Amino acid sequence: MIPFLIKLVYVFEQLFVIILLAHIVLSYFMSPFHPIRQQLSRIVEPMLAPIRRVLPMVGIFDFSPLVLLILVQIIGSLVVNILRTFI
């Protein structure tokens, strides 16, 4: 059961990274009113908003997606390490 949970954490982590990267790339090319971009924003923006309050933009650069990406990977690793203690 634990190896299944570990794989599930990895899958969710990778899926979220893909969604976040798609959100970043599509923000350059797609209208904010496009349905695909709106759906991605509904998933990602609630997690980016608290980071943006703490980390302001530097010029035209928004580093909040990078911080979120790092946080997701750290949390995923922590959860996997905690699950591995139960094996």
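Please read all numbers here as calculations on a predicted model, not as lab measurements.
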**Student:** Could you state the interatomic distance from CG (Leu26) to CG (Leu21), rounded to the nearest 0.5 Å?
**Tutor:**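 Separation between the atoms: 10.5 Å.
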
**Student:** Any side-chain heavy atom of Gln38 sitting closer than 4.5 Å to one from Glu45?
**Tutor:**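 Answer no - side chains too far apart.
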
**Student:** Do Met30 and Ile19 belong to the same hydrophobic cluster, where Ile, Leu, Val, Met, Phe, Trp and Tyr are linked whenever their side-chain heavy atoms lie under 4.5 Å apart, directly or via other members?
**Tutor:**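 Both belong to a single hydrophobic cluster.
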
**Student:** Could you please spell out the steps behind the side-chain contact (heavy atoms from CB on, under 4.5 Å) verdict for Leu5 and Val9?
**Tutor:** CA-CA 6 Å; Leu5 291 176; Val9 168; 5.5 Å; no

**Student:** Testing the basics here: between Ser41 and Pro46, what is the closest heavy-atom pair and its distance to 0.1 Å?
**Tutor:**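 For Ser41 versus Pro46, the nearest heavy atoms are O-CD, 3.7 Å.
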
**Student:** Grouping I, L, V, M, F, W and Y whenever their side-chain heavy atoms are under 4.5 Å apart, do Val11 and Val79 come out in a common cluster?
**Tutor:**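 No, Val11 does not connect to Val79 through the hydrophobic network.
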
**Student:** Might you confirm whether atom CE of Met57 has over 12 heavy atoms from other residues, nucleotides or ligands at distances under 6.0 Å?
**Tutor:**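 For Met57, atom CE is crowded (more than 12 foreign heavy atoms under 6.0 Å).
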
**Student:** Go through it in stages, so that I can follow the logic: the residues are Ser31 and Arg37, the test is side-chain contact (heavy atoms from CB on, under 4.5 Å), and I'd like the CA-CA distance, side-chain angles, deciding distance and then a yes or no.
**Tutor:** CA-CA 8 Å; Ser31 166; Arg37 182 145 175 238; 5.8 Å; no

**Student:** Check the pair Leu66 / Phe61 against side-chain contact (heavy atoms from CB on, under 4.5 Å), numbers first and verdict last.
**Tutor:** CA-CA 11 Å; Leu66 178 63; Phe61 299 108; over 6 Å; no

**Student:** Taking all atoms of both residues into account, what is the closest heavy-atom pair of Ser64 and Arg52, and its distance?
**Tutor:**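 Residues Ser64 and Arg52, closest heavy atoms: OG-NE, 3.2 Å.
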
**Student:** With hydrophobic residues grouped by side-chain heavy-atom distances under 4.5 Å, do Leu48 and Ile70 end up in a single group?
**Tutor:**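 Yes: a chain of side-chain contacts under 4.5 Å links Leu48 to Ile70.
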
**Student:** From the options Leu68, Ile43, Val25, select the one residue that forms a side-chain contact (heavy atoms from CB on, under 4.5 Å) with Leu20.
**Tutor:**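 Among Leu68, Ile43, Val25, the one that satisfies the side-chain contact (heavy atoms from CB on, under 4.5 Å) with Leu20 is Leu68.
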
**Student:** Hydrophobic clusters here meaning ILVMFWY residues chained together by side-chain heavy-atom distances under 4.5 Å, can you tell me if Val44 and Leu55 are in one?
**Tutor:**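 Yes, it is one cluster - the side chains of Val44 and Leu55 are joined through contacts under 4.5 Å.
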
**Student:** Side-chain heavy atoms under 4.5 angstrom apart, residues restricted to Ile, Leu, Val, Met, Phe, Trp, Tyr: same cluster for Val80 and Val17?
**Tutor:**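 Result: no, two separate clusters.
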
**Student:** Run the side-chain contact (heavy atoms from CB on, under 4.5 Å) check on Val54 and Val67 step by step: do they pass?
**Tutor:** CA-CA 11 Å; Val54 175; Val67 172; over 6 Å; no

**Student:** Supply the atom-to-atom distance Leu83 CG to Met1 CE, rounded to the nearest 0.5 angstrom.
**Tutor:**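 Rounded to the nearest 0.5 Å, the CG-CE separation comes to 10.0 Å.
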
